[in-house]
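The structure under discussion appears below in the form of structure tokens.
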Amino acid sequence: MIEFKNVVKDYGNEVLGADHLTVKINQGEFVYVVGPSGAGKSTFIKLMYHEVGATSGEIRVNNYNVSSITNKEIPFLRRELGIVFQDFKLLPRLTIFENVAYALQVIEKKPEDVEKRVNEILAEVGLTEKAQSFPNEISGGEQQRVAIARAIANRPGILIADEPTGNLDPDTSEEIMRILEKINSDGTTVVMATHNSNMVNEHKHRVLEISAGKIIRDQEGGGYEDE
Amino acid sequence: MIEFKNVVKDYGNEVLGADHLTVKINQGEFVYVVGPSGAGKSTFIKLMYHEVGATSGEIRVNNYNVSSITNKEIPFLRRELGIVFQDFKLLPRLTIFENVAYALQVIEKKPEDVEKRVNEILAEVGLTEKAQSFPNEISGGEQQRVAIARAIANRPGILIADEPTGNLDPDTSEEIMRILEKINSDGTTVVMATHNSNMVNEHKHRVLEISAGKIIRDQEGGGYEDE
Amino acid sequence: MSKLTFKRHITESLRNLKRNGWMTTAAIAAVTVTLLLVGVLLSVLLNVNKIANDVQNDVEVRVFIDRKTSSQEQQDLKKKLAKIDGVDNISYSSRKKELNNVVGAYGKEFRLFSGDDNPLYDVYIVKTNEPKDTINVAKTAEKYQHVYQAQYGGASAKKLFNIVSGIRRWGVIISILLLFVAVFLISNTIRLTILSRQNEISIMRLVGATNSYIRWPFILEGAWTGLFGSIIPILIVDFSYGWMYKVISGSLRSTNMALLTPHTFLVEIDLLLAVIGIGIGALGAGLSMGRFLKLKN
Amino acid sequence: MSKLTFKRHITESLRNLKRNGWMTTAAIAAVTVTLLLVGVLLSVLLNVNKIANDVQNDVEVRVFIDRKTSSQEQQDLKKKLAKIDGVDNISYSSRKKELNNVVGAYGKEFRLFSGDDNPLYDVYIVKTNEPKDTINVAKTAEKYQHVYQAQYGGASAKKLFNIVSGIRRWGVIISILLLFVAVFLISNTIRLTILSRQNEISIMRLVGATNSYIRWPFILEGAWTGLFGSIIPILIVDFSYGWMYKVISGSLRSTNMALLTPHTFLVEIDLLLAVIGIGIGALGAGLSMGRFLKLKN
Ligand SMILES: Nc1ncnc2c1ncn2[C@@H]1O[C@H](COP(=O)(O)OP(=O)(O)OP(=O)(O)O)[C@@H](O)[C@H]1O
Ligand SMILES: Nc1ncnc2c1ncn2[C@@H]1O[C@H](COP(=O)(O)OP(=O)(O)OP(=O)(O)O)[C@@H](O)[C@H]1O
Ligand SMILES: [Mg+2]
Ligand SMILES: [Mg+2]
């Protein structure tokens, strides 16, 4: 469950990344966040896991009151989420395997379980052969798939993905979409910011359209553009 | 003029980023490079400006024999090219303005000219208001547009763009496409790796399709997928 | 922290050390050079201090023998002196030799008094085990027959005393300054390596790592850096001190001065270097990270 | 390089310094502490060396006056002595005072000779301008009437000489060691800051910057870091040396020893610190970059 009440994020210099956002996303929903470049999609997403703090308003994610969360609680909030960052954020000195494993190690999983799960998930995104490569040794699309693998590795209750197919060709994007819809059908909430209009139009889900920090459309089963 | 003759790039571990590529791109052409994730599009592009060196074969770009270029000549080769990197490669400690200006300063342009040109080009990509921001203070799509602005700032004879619209919404992508086609009509060669099938299908140009490091299709006015 | 996690942190810290390559090399090199400086200077300063102590705590009693004492009586006196509690050994200096000392130190005019004009006495130089024994030995000796006088408290010139105590004071000041400098430089170097990894730290936080989970590998990395950085200084100090000790001790044999003996001194200084290296490395890392981990993101 | 580009590099280097924030602070702090150590230790060591020189190059000639010389004749002698080339000043020490010196330094038994038994001479202590003048002054004085003897070459104990020359030798070794350490630590710190910016350097090359265009701002940044890092050490050394000089000079007034005079010494040491800071900062930066710029991409 994700709930925003009148959330404002002021970056200073008159830039409102979020301008009185009020929205509720229930457990198990699949939500696209669309809008032009610089509209505030990433800001909306970053507010959920507290990469940026809200200037005012209230944010609730599962049982956390994110707008007044303590420094100590933040890691535990994030462990309930799987996050695909727009810029991937892979650890440069860890191999692909280790990058994915890291997200499982922080929650103190047993090494055997970690290894099994990582191999399983890397196979799913088609990167088994790149397990021992470092992030700077693989292609942009491969990096993006590693970021996705890491986010879904520990079967989060909520998956937050910022532009997860920006560096992927249509076929691979379709693959990824299949994976996301599968985990969604298992009960995981999916929030996905995207520019991929084909995807939004072909796989219909709830669409939140943001422009200049405001939600200007909230349409169940809508297309990429309002018609 | 870009010419590849039997170019091989072996990354080791049996990964051939380029597998006997032979192709010629004439001055003034507009070429799409398409193919699945990890096919070798970026490798093809990186070979042109010697971010990666060829294992064998010959590469000619304008008057440079890239495959046997000296360390001293590399910067001068790159000054004849405008390059949009897949991962943007903005200098994190420079503002947006300074990032674009840097590409002009290295060729010792006069400060007045630099300032005029940077403002002009930032306006063209719609980032005038972000001129004094730092790269980590702007959105992913905005960063991508800065990378494009920097690449075209000094009016290069050849523009090489690796996935320049991966983080842009369809409208902004369209804008960028318009800019690229304009500079192409002024005589600039444009080589653009992309996953954006709508773009390739709507703005028809020569298409090079790469798969597993090989060119499997070279079609004037082709679509994103072979039909 | 579970045993599993701790093991993971250990391997992780060593792996990071290896993967950081040049950064690690530069950090270890900085620690090495700093500790080498500390090791060498402290060895010198502590020995200067020791020698200054030796000079000031001279364990020597000078027993002046009456002029008319026969050779046999002198021998008897020597035996009696040797029996006093706390006496270590006894050496003899004739009045002629004593005068030569004066001439050597104070000028040729004293030559006038050579031969029978010599106003000085034959002297037994009695070394005691402890400085405090000198008082008792002197008092006892003075009561014996044929003893003209017994003096304790160093025979060296006062000038020397002043210089020595000056050196000692400065030595202590410089040692303390030096230790501060070493602590600062080592922790600062570790800080530089961590500053350059801010980005990694923030990614770790973004994927759900707690502060302590992030901190430990860095702390261990700091400790390793300190440990590896202390190896060369320890080896150099150990070998070169052993060698110096042999050379210098030879020329100090005839004096009451001595260098610190290697087998205790080196253990102490080795421990000090290792502790500074490891402790400050780990502490420096732990503290440097505070700032990045406190950020609320 | 055009003037325009150079100006650009200067502003760029200062801007980078500012934007690197904590990295810059840590680097400047490391340079500050290193140079502070160098400044303090070198001040001490160079002065110890100076004093050792003063002791060894004693510019004192002791002119012993015949016993039967009248007070008037002594005055005349003094005037004649003052006229010898190279003489700086003359002081008088009576035989009684001379004996006291001996008693103070060499033991109470010399008390026996006080009063008319005193075997010593009244002495004129003639200071010369230069150590080498002492020979000539002594030879000339010896020919004068009422002069029993003229001695040159230091009145201090030989023991002191040995200690002093030992201190001096160690001082030189330590100074050289210290300078090496400083050079290494400063260039290593600069290297650490550059290592963390590899990524930026490779981006600069990718957008067409030549190696020298990339290198200059980093070299200037290194130089600034060194310059800013040398300011505090220079100020501290200047002020504290000025103060120490006053305190210590007072107690050295009666001797032939003196500290290095601040207005020449401090200029030298300030220059040294600034040169090490700026020079090694710039050089360290330039050399550290070599590796990244040589890569063929
Ligand atoms: N530095 C490297 N070291 C080893 N392998 C590499 C390196 N760079 C790329 N590769 C491999 O070479 C292949 C081609 O990579 P390239 O980046 O050219 O793909 P791409 O077509 O650009 O893919 P994408 O669409 O995902 O960006 C991939 O399998 C990749 O893992
Ligand atoms: N750290 C920051 N400091 C200042 N302004 C920021 C910061 N982050 C984002 N902004 C601004 O806030 C606005 C919204 O940014 P956001 O990243 O949310 O956009 P977005 O919708 O994700 O765009 P894109 O599709 O390009 O990724 C933009 O104008 C951006 O420049
Ligand atoms: Mg975004
Ligand atoms: Mg690519």
Side-chain angles (χ1 to χ4, degrees), chain A residues 45-54 66-95 98-114 134-136 146-147 149-151 153-154 156 160 162, chain C residues 1-27 193-222 224-225 285-286 289-297:
Chain A
I45 276 178
K46 287 175 182 171
L47 284 164
M48 296 179 190
Y49 57 88
H50 208 283
E51 182 173 342
V52 305
V66 181
S67 33
S68 65
I69 198 165
T70 64
N71 200 29
K72 262 200 140 61
E73 281 176 318
I74 293 176
F76 300 96
L77 160 67
R78 290 178 182 166
R79 287 173 188 191
E80 300 192 6
L81 313 174
I83 311 166
V84 183
F85 305 94
Q86 189 169 10
D87 55 353
F88 317 153
K89 295 204 190 292
L90 302 180
L91 289 161
R93 278 180 263 257
L94 299 190
T95 62
E98 289 162 355
N99 261 286
V100 178
Y102 193 84
L104 298 173
Q105 285 164 351
V106 296
I107 53 174
E108 311 218 357
K109 273 221 187 238
K110 279 203 234 91
E112 313 86 74
D113 299 351
V114 169
F134 287 92
N136 67 348
V146 176
R150 178 179 61 186
N154 70 347
I160 296 173
D162 197 349
Chain C
M1 184 166 41
S2 70
K3 219 178 104 190
L4 171 67
T5 308
F6 189 70
K7 248 181 72 185
R8 207 173 251 161
H9 287 330
I10 297 267
T11 38
E12 216 166 290
S13 62
L14 282 168
R15 183 192 64 198
N16 290 347
L17 218 53
K18 207 176 113 210
R19 294 200 184 149
N20 277 323
W22 282 107
M23 202 64 138
T24 301
T25 312
T193 66
I194 288 178
L195 277 170
S196 70
R197 289 163 72 186
Q198 270 184 64
N199 194 32
E200 285 173 52
I201 293 172
S202 73
I203 294 176
M204 290 170 184
R205 265 186 72 84
L206 285 174
V207 298
T210 57
N211 284 353
S212 80
Y213 192 91
I214 298 172
R215 193 182 264 124
W216 272 103
F218 281 90
I219 289 178
L220 291 171
E221 234 185 287
W224 290 121
T225 306
M289 294 194 66
R291 192 150 19 85
F292 308 127
L293 297 177
K294 247 177 245 147
L295 291 175
K296 240 192 161 190
N297 62 41

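Naming: A, B, ... by sequence-line order, numbering from 1 per chain.
Contact annotation: the side chain of A/Glu108 never approaches that of C/Leu4 to less than 4.5 Å [non-hydrogen atoms, C-beta and beyond]. Considering only heavy atoms from C-beta on, A/Lys89 stays 4.5 Å or farther from C/Ser202 through its side chain.
One distance of note links CG of C/Asn16 with CG of A/Leu94; it measures 7.0 Å at 0.5 Å rounding. In this structure, CZ in C/Arg15 is found 4.0 Å from CD in A/Glu98, a value given to the nearest 0.5 Å. Note that CZ of A/Arg93 is 4.0 Å distant from CG of C/Asn20, once rounded to the nearest 0.5 Å.
Most heavy-atom pairs under 4.5 Å with chain C: of the set A/Leu77, A/Ile83, A/Val106, this distinction falls to A/Val106. Between chain A and the options C/Ile203, C/Asn211, C/Val207, the largest number of non-hydrogen pairs under 4.5 Å is found for C/Ile203.
Heavy-atom distances place the side chain of C/Thr5, and not its backbone, under 4.5 Å from chain A.
For the pair A/Pro75 and C/Gly208, the tightest heavy-atom approach, listed with the atom from each and the gap, is CB-O, 3.6 Å. The shortest non-hydrogen separation linking A/Val114 to C/Arg8 is CG2-NH2, 4.1 Å.
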Evaluation steps, side chain to side chain contact (heavy atoms under 4.5 Å, CB included), between A/Thr95 and C/Arg19: CA-CA 11 Å; A/Thr95 62; C/Arg19 294 200 184 149; 4.1 Å; yes
Could you give me the CA-CA distance, side-chain angles and deciding distance for C/Arg205 and A/Asn71, then say whether side chain to side chain contact (heavy atoms under 4.5 Å, CB included) is met? CA-CA 11 Å; C/Arg205 265 186 72 84; A/Asn71 200 29; 2.8 Å; yes
